[in-house]
Amino acid sequence: MVYYSNRADDDPHQKTGACSWFGPGHNVHWIQARKALHDDVGIPVTVHLEAEGRVRLDDAGHERRYWHHDTAGLAEALALPCGDIMWHARFSVLMIETILDRRLFNLGQVEKAVECRA
């Protein structure tokens with residue numbers, strides 16, 4: 001198991017190079033996005049960014065911990081005024097509605113975090 005921090009010196013605003021992988025915790029594939037938004041009912045969550053790419057989701061007192069390779073992208077989306085933040089568990093997609101657009105993040109299990117593939 002490899003933990004890959006997307007943050008230089010744990011800075012959530014420092015982006016790293018591009019990743020081309022669609023595995024858990026990396027990029028959202030268009031089919032995954034389509035199915036999550038059309039076939040799955042999301043639940044509203046609160047998002048907390050933690051060290052080493054870890055993401056904590058809270059909904060009505062229930063905590064879930066995941067991992068994402070681009071915590072800088074998550075921090076950027078969360079810094080914008082947001083509307084709905086929904087977790088689509090069946091397809092592991094976190095959807096953040098901002099004033100600019102809708103951003104989707106593919107979250108993976110912490111214990112299965114792997115390095116990005118170029």
Side-chain angles (χ1 to χ4, degrees):
M1 166 177 46
V2 177
Y3 284 103
Y4 176 75
S5 175
N6 188 52
R7 302 187 266 185
D9 298 322
D10 225 21
D11 178 0
H13 304 291
Q14 179 81 28
K15 287 196 176 197
T16 59
C19 173
S20 63
W21 197 33
F22 294 100
H26 295 273
N27 298 307
V28 176
H29 192 276
W30 70 270
I31 294 173
Q32 178 187 20
R34 184 173 154 251
K35 286 182 173 274
L37 298 178
H38 295 286
D39 298 346
D40 194 18
V41 176
I43 57 171
V45 294
T46 303
V47 179
H48 305 276
L49 299 181
E50 299 177 345
E52 297 179 343
R54 294 180 185 168
V55 179
R56 188 178 84 231
L57 303 181
D58 294 329
D59 71 282
H62 188 262
E63 257 183 31
R64 298 174 175 89
R65 291 196 189 308
Y66 295 98
W67 177 85
H68 193 268
H69 75 135
D70 183 14
T71 50
L74 267 166
E76 180 182 292
L78 293 168
L80 293 168
C82 294
D84 293 332
I85 301 176
M86 306 293 281
W87 173 238
H88 297 270
R90 183 173 174 203
F91 297 99
S92 300
V93 171
L94 177 68
M95 188 261 319
I96 301 174
E97 291 274 356
T98 74
I99 60 168
L100 301 175
D101 53 15
R102 175 185 292 162
R103 300 187 187 188
L104 304 177
F105 298 90
N106 177 9
L107 302 184
Q109 296 177 7
V110 172
E111 60 275 4
K112 294 184 179 180
V114 296
E115 277 189 53
C116 291
R117 296 180 183 174

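We use all heavy atoms of the structure for the numbers below, so side chains are in, but hydrogens, waters and symmetry mates are not. The first residue in the sequence is number 1, and the count goes up from there.
Atom-to-atom distance recorded for Ile85:CD1 and Leu94:CG is 7.0 Å, nearest 0.5 angstrom. For the atom pair NZ (Lys112) and OH (Tyr66), the distance works out to 12.0 Å, reported to the nearest 0.5 Å. Here the CG atom belonging to Asn27 is positioned 5.0 Å from the SG atom belonging to Cys19, to the nearest 0.5 angstrom. The structure places CE of Met95 at 12.5 Å from CH2 of Trp87, a figure rounded to the nearest 0.5 Å.
Side chain to side chain, His26 and Asn106 fail the donor-acceptor criterion of an N or O pair below 3.5 Å.
In this structure, the ring of His29 has its center no less than 6.0 angstrom from the ring center of Trp21.
Taking the six-membered ring where tryptophan is involved, the planes of His68 and Phe105 are perpendicular, since the angle between them exceeds 60° and thus also 30°.
Linking Ile, Leu, Val, Met, Phe, Trp and Tyr whenever their side-chain heavy atoms come within less than 4.5 Å puts Ile43 and Leu78 in one cluster. In the hydrophobic clustering of this structure, Val45 groups with Leu107; members are Ile, Leu, Val, Met, Phe, Trp, Tyr whose side-chain heavy atoms approach within less than 4.5 Å, directly or through other members. The hydrophobic cluster containing Val28 also contains Met86, counting ILVMFWY residues as joined when their side-chain heavy atoms lie under 4.5 angstrom apart, directly or transitively.
Side-chain atoms of Asp70 come within 3.5 Å of backbone atoms of Gly73 as a donor-acceptor pair (strictly under, hydrogens ignored). Within the 3.5 Å criterion, the main-chain N or O of Ala36 finds a donor-acceptor partner in the side chain of His88.
The shortest non-hydrogen separation linking Gln32 to Ser92 is NE2-O, 4.3 Å. Listed here is the closest heavy atom pair of Ala33 and Leu104: CB-CD1, 3.5 Å. Contact record, Ile96 with Ala77: CD1-CB, 4.1 Å, taken as the closest heavy-atom pair. Residues His69 and Cys116 share a closest heavy-atom pair of ND1-SG, 3.2 Å.
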Run the side-chain contact (heavy atoms from CB on, under 4.5 Å) check on Lys35 and Asp40 step by step: do they pass? CA-CA 7 Å; Lys35 286 182 173 274; Asp40 194 18; over 6 Å; no
Could you walk me through whether Asp59 and Arg64 pass salt bridge (charged side-chain N to carboxylate O under 4.0 Å, His left out), step by step? CA-CA 9 Å; Asp59 71 282; Arg64 298 174 175 89; 2.2 Å; yes
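Heavy-atom contacts from other residues, nucleotides or ligands closer than 6.0 Å to CZ of Arg65 number more than 12.
By the 4.0 Å N-to-carboxylate-O rule, Arg34 lies too far from Asp39 to be salt-bridged with it.
Under the 4.5 Å side-chain criterion, counting only non-hydrogen atoms from C-beta, Glu63 is not in contact with Leu57.
The salt bridge (charged side-chain N to carboxylate O under 4.0 Å, His left out) test applied to Asp101 returns Arg103, not counting sequence neighbours.
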